[in-house]
Chemist: 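Just dropping this structure here.
For ligands, and for the atoms within them, numbers begin at 1 and follow the listed sequence.
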Amino acid sequence: MTIQTIKTTPYQDQKPGTSGLRKRVTVYQQPNYVENYIQAIFDCLEGYQGQTLVIGGDGRYYNDVAIQKAIRLAAANGFGRVLVGQNGLLSTPAASHIIRHYKAFGGLVLSASHNPGGPEGDFGIKYNVGNGGPAPEKITDAVYARTKVIDSYKMVDAPDVALGEIGVQHSGDMIVEVLDPVTDYAALMETLFDFDLIRALFASGFRMTFDAMHAVTGPYAHRILEDMLGAPKGTVINGTPSPDFGNGHPDPNLVYCKPMHDLLMTPEGPDFGAASDGDGDRNLIIGKNRFVTPSDSLAILAANAALAPGYATGIAGIARSMPTSAAADRVAEKLGIEMHETPTGWKFFGNLLDAGRVTICGEESAGTGSNHVREKDGLWAVLLWLNIIASRRQSVDEIVREHWATYGRNYYTRHDYEEVDATIASQLVEDLRAQLPALPGKNFEDDLQVAYADDFTYHDPVDGSTSARQGIRIGFTDGSRVVLRLSGTGTVGATLRLYLERYEAADGRHDLDTQTALEPLIAFADQIAGIKSRTGRDEPSVIT
Ligand code: VG1
Ligand code: CO
């Protein structure tokens, strides 16, 4: 076998964002772009000689090309074994599980998640560490620094691996094992949930529809929902992964899943609807006549987790990202367990999960998960919902209403302004930041009094690290909140995210339209940040 050391020149734009390095496919297709980035990752790691690396992706365009490169780089750099999903497929949560299950050193997850795919779409690479979770900031910062000076990479001169063939092959001296992407993950789900109970639910005539959005969860949902749990064939739609996601946008929200939402609002529709994103870590939950906001879903799953066998002894604590509504905080308070508020992105949950301080985590962006892996997990959330529905013998709507009646309701929405000019967006944030010290005590929109205004800084209670400038929060005396931050996953211009929240007590009104209930906060945010005038947009690109 020949190991070649190949000269290269650095790129200056390989800065990982909220979840790995996401760029247009055309950017990734530049000479040595993939090679530089993966070599830079390896250069920042220690002790992997002879160890196992997991590789898998969401099946998007360029996955196959990048995987062959990754395998040759891993072989030349001295990994002993690569575990790769058949046809290069592994959902993000399955990759996390496989890293943990086979005690791998780490893994490369090739995905740009919910961003569109295809030759004109996006591609992404993320490194996960040995606990199965995204690399912490100290690693991603080091990788970025390395990419700026890298001058060579190592590759073996070996033929392509046959990714379609399950079993053992070689790349140079390194073992390459092609795995069925679903089997280990499905076995894990069986240990967490009462499959007999869910099977009985489907047998009793309960109907659901699961939209895999032409992305990676298709094979997982077919196997688990239809084959193992007996949901009728056809329950899973768009279940064959395609490189451009059927020319769609695999983001499970009310914009891209509108047909499913509308179906669930009709008498003929099924009892339950769910969807997952490009890489299978997000979830959308809709009951008949009831859309469940991700923040509420987190709170409800945490409050009812003990109904599932995997959590029967209770949960240790809950963590949510800062912009996620405080609905889960009320559940933690009632259960008398720890509650943590972290910056956006799953990498901040890893330490809390490893330390056993939290069991369930969630983000407002449709991500929920638990200590079973170190990523958010779309199908896990769907299965926990099914387990809860089957145990309580109630509809989603009844479960949600009872939750509000017990804990109160956190009205919540997110307004996204996409592809805004990056200079305008960062100026907007800077100007708003400058206003913060003067805000506390001031009154707006009749009855909104500012209680605090800051730029969120996270102090990790486990490793003592600090992450500053994680988003502007303005809190009011009645518990309402406005949060504003810039996305770290976009690939063109800047995306401004505005998060709005208002609490209505247990005995309050829970049947208002969300946007109406939040109107004064929306007006306040626009007044103080000048969003419309500065961006020239009359309305958000996406409202979730
Ligand atoms: C977004 C979401 C965040 C999520 C991240 C990765 O990040 O807001 O909650 O963790 O995407 O999810 P940002 O920086 O664009 O707001 V995924 O499913 O795209 O890997
Ligand atoms: Co995702």
Side-chain angles (χ1 to χ4, degrees), residues 15-22 56-60 90-96 109-117 121-128 133-135 137 140 212-213 215-217 220 245 249-253 256 275-284 293-295 297-298 319-325 341-350 361-369 373-381 414-420 425 429 456 467 469-472 483-499 541-542 544:
K15 184 176 172 33
T18 310
S19 183
L21 181 71
R22 292 193 192 168
D58 60 12
R60 68 178 57 227
L90 282 180
S91 75
T92 289
S96 182
V109 182
L110 310 185
S111 168
S113 189
H114 57 285
N115 297 16
D122 288 345
F123 190 71
I125 299 180
K126 180 172 65 159
Y127 179 69
N128 282 25
E137 276 188 326
T140 53
M213 305 190 87
V216 76
T217 36
Y220 295 84
F245 308 117
H249 195 142
D251 194 352
N253 61 31
Y256 303 112
S276 200
D277 70 336
D279 62 330
D281 56 0
R282 297 186 181 198
N283 68 89
L284 173 78
T293 68
S295 294
S297 181
L298 168 66
R320 63 165 172 82
S321 66
M322 184 275 281
T324 305
S325 98
E341 186 176 37
T342 60
T344 293
W346 212 262
K347 58 180 171 238
F348 295 101
F349 294 133
C361 306
E363 296 191 276
E364 52 65 41
S365 54
T368 18
V373 290
R374 292 295 180 274
E375 288 278 6
K376 53 191 187 277
D377 188 343
L379 263 175
W380 171 89
R414 187 178 93 192
H415 290 190
D416 289 335
Y417 294 81
E418 292 174 346
E419 299 190 19
V420 172
V429 171
F456 180 54
S467 303
R469 297 200 158 195
Q470 296 295 325
I472 291 172
V483 171
L484 193 136
R485 60 180 281 280
L486 296 177
S487 157
T489 56
T491 53
V492 177
T495 294
L496 198 63
R497 300 203 197 283
L498 175 67
Y499 312 78
S541 336
V542 181
T544 48

Chemist: Looking at ligand 1, is there an atom of it that comes within less than 4.0 Å of some heavy atom belonging to Arg22?
Modeler: yes
Chemist: Give me the nearest non-hydrogen protein atom to atom 10 (O) of ligand 1 as residue plus atom name, then the distance to 0.1 Å.
Modeler: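 Protein heavy atom at minimum distance: Glu363 OE1, 2.7 Å.
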Chemist: State the atoms of ligand 1, each with its element, that fall below the 4.0 Å cut-off from a heavy-atom position in His114.
Modeler: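 In order of numbering, the contacting atoms are 19 (O).
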Chemist: Just jot down the ligand 1 atoms closer than 4.0 angstrom to any heavy atom of Gly345, in number order.
Modeler: 10 (O)
Chemist: Gly367 near ligand 1, heavy-atom distance under 4.0 Å?
Modeler: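 No, Gly367 has no heavy atom closer than 4.0 Å to ligand 1.
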Chemist: Could you walk me through whether Asn128 and Arg374 pass the side-chain contact (heavy atoms from CB on, under 4.5 Å) check?
Modeler: CA-CA 9 Å; Asn128 282 25; Arg374 292 295 180 274; over 6 Å; no
Chemist: Give a yes or no answer on whether the side chain of Tyr220 reaches the backbone of Leu379 with a donor-acceptor pair at less than 3.5 Å.
Modeler: no
Chemist: Within the structure provided, determine whether Leu484 and Val429 are in side-chain contact (heavy-atom separation under 4.5 Å).
Modeler: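 Touching, per the 4.5 Å side-chain cut-off.
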Chemist: Should Pro343 and Phe456 count as side-chain neighbours, where that means a heavy-atom distance under 4.5 Å?
Modeler: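 Sidechains of Phe456 and Pro343: in contact.
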Chemist: Could you identify the single nearest non-hydrogen protein atom to atom 18 (O) of ligand 1 and state the distance to 0.1 Å?
Modeler: Ser113 OG, 2.6 Å
Chemist: Let me know which of Asp279, Asp58, Asp377 forms a side chain to side chain donor-acceptor pair (under 3.5 Å) with Thr92.
Modeler: Asp279
Chemist: State the atoms of ligand 1, each with its element, that fall below the 4.0 Å cut-off from a heavy-atom position in Thr344.
Modeler: 3 (C), 8 (O), 9 (O)
Chemist: Contact between ligand 1 and Lys126 is defined here as a heavy atom of the residue under 4.0 Å from a ligand atom; is it met?
Modeler: no
Chemist: Using a strict 4.0 Å cut-off to heavy atoms of Thr18, name the atoms of ligand 1 that fall inside it.
Modeler: 5 (C), 7 (O), 13 (P), 14 (O)
Chemist: Got the closest protein heavy atom to atom 7 (O) of ligand 1, with its distance?
Modeler: Thr489 CG2, 3.5 Å
Chemist: Mind checking whether Lys376 and Phe349 have side chains closer than 4.5 Å, heavy atoms only?
Modeler: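 The answer is no, as the side chains (C-beta and beyond) never meet within the 4.5 Å cut-off.
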Chemist: Looking only at protein heavy atoms, identify the closest one to atom 6 (C) of ligand 1 and say how far it is in Å.
Modeler: Lys376 NZ, 3.5 Å
Chemist: State, with a plain yes or no, whether a side-chain heavy atom of Arg60 is found less than 4.5 Å away from one of Phe123.
Modeler: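 Contact flag for Arg60/Phe123 side chains = yes.
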Chemist: Examine Gly488 against ligand 1 and note whether any of their N/O atoms are separated by less than 3.5 Å.
Modeler: yes
Chemist: Could you list the atoms of ligand 1 found under 4.0 angstrom from a heavy atom of Asp277?
Modeler: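 Every atom of ligand 1 under 4.0 Å from some heavy atom of Asp277: 18 (O).
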Chemist: To check your reading of the model: name the closest protein heavy atom to atom 1 (C) of ligand 1, its residue, and the distance in Å.
Modeler: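 It is Arg282 NH2, 3.6 Å.
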Chemist: Using a 4.0 Å heavy-atom cut-off, say whether Asn115 meets ligand 1 through its side chain, its backbone, both or neither.
Modeler: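 For Asn115, there is no contact with ligand 1 at all, from either part.
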Chemist: Give a yes-or-no answer on whether the side chains of Thr368 and Asn283 include a donor-acceptor pair shorter than 3.5 Å.
Modeler: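 Yes, a side-chain donor-acceptor pair sits under 3.5 Å.
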Chemist: Does Ser365 have any side-chain contact (heavy atoms from CB on, under 4.5 Å) partners at least two apart in sequence or in another chain, and if so, which?
Modeler: Arg282, Glu363, Arg414
Chemist: Counting each atom of ligand 1 from 1 as listed, which ones have a heavy atom of Arg497 under 4.0 Å away?
Modeler: 8 (O), 13 (P), 15 (O), 16 (O)
Chemist: Under 4.5 Å between any side-chain heavy atoms of Glu375 and Pro134, yes or no?
Modeler: yes
Chemist: Using 2.8 Å as the cut-off, note every protein N, O or S atom close to the Co ion (ligand 2).
Modeler: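 For the Co ion (ligand 2), the protein N, O and S atoms that sit under 2.8 Å away are Ser113 OG, Asp277 OD2, Asp279 OD1, Asp281 OD1.
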Chemist: In plain terms, say whether Glu364 and Arg497 are close enough for a salt bridge, that is, a side-chain N and a carboxylate O under 4.0 Å apart.
Modeler: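 Result for this pair is no, no salt bridge flagged.
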Chemist: Considering only protein heavy atoms, which is closest to atom 2 (C) of ligand 1, and at what distance to one decimal place?
Modeler: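 The closest one turns out to be Ser365 OG, 3.5 Å.
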Chemist: How about His114 and Tyr256: do any of their side-chain heavy atoms sit closer than 4.5 Å?
Modeler: no
Chemist: With a 4.0 Å heavy-atom cut-off (strictly under), which part of Asp281 contacts ligand 1: side chain, backbone, both or neither?
Modeler: side chain
Chemist: Under 3.5 Å, is there a donor-acceptor pair between the Asp416 and Thr495 side chains?
Modeler: no
Chemist: Please identify which atoms of ligand 1 are closer than 4.0 Å to at least one heavy atom of Arg485.
Modeler: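 Those atoms are 13 (P), 14 (O), 16 (O).
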Chemist: Side chain, backbone, both or neither: which applies to Ser487 and ligand 1 if a contact is any heavy-atom pair less than 4.0 Å apart?
Modeler: both
Chemist: Determine whether Ser467 and Phe348 make a side-chain contact, defined as any pair of heavy atoms from C-beta on separated by less than 4.5 Å.
Modeler: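 Contact flag for Ser467/Phe348 side chains = yes.
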Chemist: In terms of side-chain heavy atoms, does Ser295 have a donor or acceptor partner in Thr293 at a distance below 3.5 Å?
Modeler: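 No, Thr293 and Ser295 have no side-chain donor paired with an acceptor closer than 3.5 Å.
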Chemist: With heavy-atom distances below 4.5 Å as the criterion, would you say the side chains of Asp122 and Arg22 are in contact?
Modeler: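 Of all side-chain heavy-atom pairs linking Arg22 with Asp122, none is under 4.5 Å.
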